[in-house]
Amino acid sequence: MKKNKNILQDNFGRQHSYLRISLTELCNLRCTYCMPAEGIQLSPKSHIMNFDEIYEIAKTFVDNGVTKIRLTGGEPLVRRDVDVILKKLATLPVDLSITTNAVIIDRYINTLKACKIRNINVSLDSLNAEKFKQITRRNDFEKVYQNIQLLIAEGFNVKLNAVLINGFNDNEIVDFIQLTKRLPISVRFIEFMPFDGNKWDKEKMVSYAEVMKLVHASFDISDVIRIQDAPNDTSKNYKIKNYKGSFAIISSVTNPFCDSCNRIRLTANGRLKNCLFSASESDLLTPLREGKDIEPIIQKAIQSKFKIRGGMDTMEKLEEPKLHSQNRSMITIGG
Ligand code: SAM
C-alpha cells in the first residue's frame, strides 16, 4: 500500500523506488578491488538482519513506493537462509532480482524460478581462468562460466558485470563484446570506483570514453548501434549489428548519473545508505528492534542525500583518499 506522505522523495525531487539489500558481508571470492587485502572487520552476527527483519524493513520501503529490490552482498547466495529470504520477499509486490558471482547459483535455479526472479546480474571480470584467479584469489572460473550458460539455458535475463582495470582486463573488452554475438546477454563494463582499502587510482580506471574509442577502432562504426537506455538506467547501452546481445558502460566516475538516481541501499547490518558514495549511514535495525517507527529515520536519510556522488561533486574530491576512505569497502555495501 502506497502511503500518503512521500518519504522517499529527496530535496532535489528524486523519487527513490529501487532498494538494494545486502544480505551478508561474507563472500566466497576475494576480489582485490572489492575487499581490502587484510580482509574486513565483520559485524557481529547479532548485528546482521535476520530474515524477518529484512522482510519488515523491505515491506516498509515497498509500502512507501519501492517497486524494485535487488539482493546483493558480499555474496547473497552464501547466506544459509537465502531461500527463506527470497521466498518471503517474493510475496511483496516488487520486481525482485539478484547480483551474484554465480559460483553456487546452480543450487538455486528452482528457488529463483519459484520466486519469479528473472533478472540476474553476474559479476565476471575476466574470460581467462588464470586472470580470474588472480583477481578473485579463487579458482572458480569454470564453475562460473558453466553457471552463466546454465542461467541462459534456463531462460534468465543475464547481465555480465565486468569492472575494468587498466593493464589487467582492458585487453578483454572486445572478447567480452564478442560473447554477445551468440549469447543473448548484456555485458556491462563498470568504471573502477574508489572505496575504502581498494587502492584506487585514477590511472587504473578505464573510462567510458576509452571503452568507446576502442569499440570504434575494433568494429565498423556503422555496426555500433546506440540503443535506448531504460528509465533511471545507470548504463549507456549499445549493440553490434546482428549480435544477439548488447553491451553497456556504467560510468559512475566520469559521467555520473546522479540526476536520475532512484537508488537506496540497505547494508547487511541494517543501515540505510542514501548513495553508494556517501560516508554517512542511518541505522534502521536498532530502532526496528526497539519497536520504534523507522519511517521518520528513512525520511531524514533521504532528505540528507547530496546532489552528486555523496558530496564528492568534483573529480578532485573523488580523488581525495581521505574522502573515500570514510566510506565502507564495497564488500560491505553491495554495489
Ligand atoms: N557478490 C556479488 C557479485 O559478485 O556480484 C554481489 C556483491 S559485489 C560487491 C557487487 C558488484 O560490485 C560487483 O559487480 C562488483 O564487481 C562491483 N564492485 C565491487 N567493487 C567495485 C569497485 N571498486 N568499482 C566498481 N565496481 C565494484
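Only a predicted model underlies this, so the values are computations on that prediction, with no experimental measurement involved. Quick note: residue numbers are just sequence positions, from 1. Every number for a ligand or one of its atoms is a count from 1 in the order of the listing.
Using modelled atom types, one finds a donor on one side chain and an acceptor on the other under 3.5 Å when comparing K131 with N171. Donor-acceptor pairing under 3.5 Å is lacking for the side chains of T72 and R20. Under the 3.5 Å distance criterion, with hydrogens and angles disregarded, a donor-acceptor pair is assigned to the side chains of S43 and E25. Checked by atom type, the side-chain pair N255/E191 shows no donor-acceptor distance below 3.5 Å. For the residue pair T100 / E75, a side-chain donor-acceptor distance below 3.5 Å is found, with atom types taken as modelled.
Below 30°, between 30° and 60°, or above 60°: for Y238 and Y208 the angle between ring planes is between 30° and 60°, a tilted geometry.
Hydrophobic clustering, with ILVMFWY side chains joined whenever heavy atoms are under 4.5 angstrom apart, keeps Y18 apart from L8.
If you check which protein heavy atom lies closest to atom 13 (C) of ligand 1, you get S123 OG, 3.2 Å. The protein heavy-atom contact nearest to atom 1 (N) of ligand 1 is G74 O, 2.8 Å. Remark: minimum distance from atom 21 (C) of ligand 1 to any protein heavy atom is reached at Y33 CD1, 3.5 Å. In terms of protein heavy-atom proximity, atom 8 (S) of ligand 1 is nearest to G334 O, 4.4 Å. The nearest protein atom to atom 26 (N) of ligand 1, hydrogens excluded, is given as V163 CG2, 3.4 Å; this is a heavy-atom distance. Of the protein's non-hydrogen atoms, M330 CG, 3.1 Å is the one closest to atom 19 (C) of ligand 1. Among all protein heavy atoms, the one lying closest to atom 24 (N) of ligand 1 is M193 N, 2.9 Å.
Using a 4.0 Å cutoff on heavy atoms, S329 does not count as a contact of ligand 1. Judged by the shortest distance from any of its heavy atoms, T100 lies inside the 4.0 Å radius around the atoms of ligand 1.
For the pair K204 and F192, the cation-pi criterion (under 6.0 Å, within 45° of the ring axis) is not fulfilled. Both tests hold for R118 against F156: distance to the six-membered ring centre under 6.0 Å, angle to the ring axis within 45°.
Between N121 and ligand 1, no pair of N/O atoms sits closer than 3.5 Å.
The CE atom of M212 sits 5.0 Å away from the CD1 atom of I249 when rounded to the nearest 0.5 Å.
Under 4.0 angstrom from ligand 1, the non-hydrogen atoms of N101 come from both its backbone and its side chain. Neither the backbone nor the side chain of W200 comes within 4.0 Å of ligand 1, counting heavy atoms alone.
Looking at P194, C27, C34 and measuring to atom 9 (C) of ligand 1, the nearest heavy atom belongs to C34.
Atoms of ligand 1 lying under 4.0 Å from at least one heavy atom of E191, given by number and element, are 25 (C). Within ligand 1, the atoms closer than 4.0 Å to a non-hydrogen atom of T99 are 2 (C), 5 (O), 6 (C), numbered from 1 in the order shown. Within ligand 1, the atoms closer than 4.0 Å to a non-hydrogen atom of G73 are 6 (C), 7 (C), 9 (C), numbered from 1 in the order shown. Listed by number with element, the atoms of ligand 1 under 4.0 angstrom from any heavy atom of T72 are 6 (C), 7 (C).
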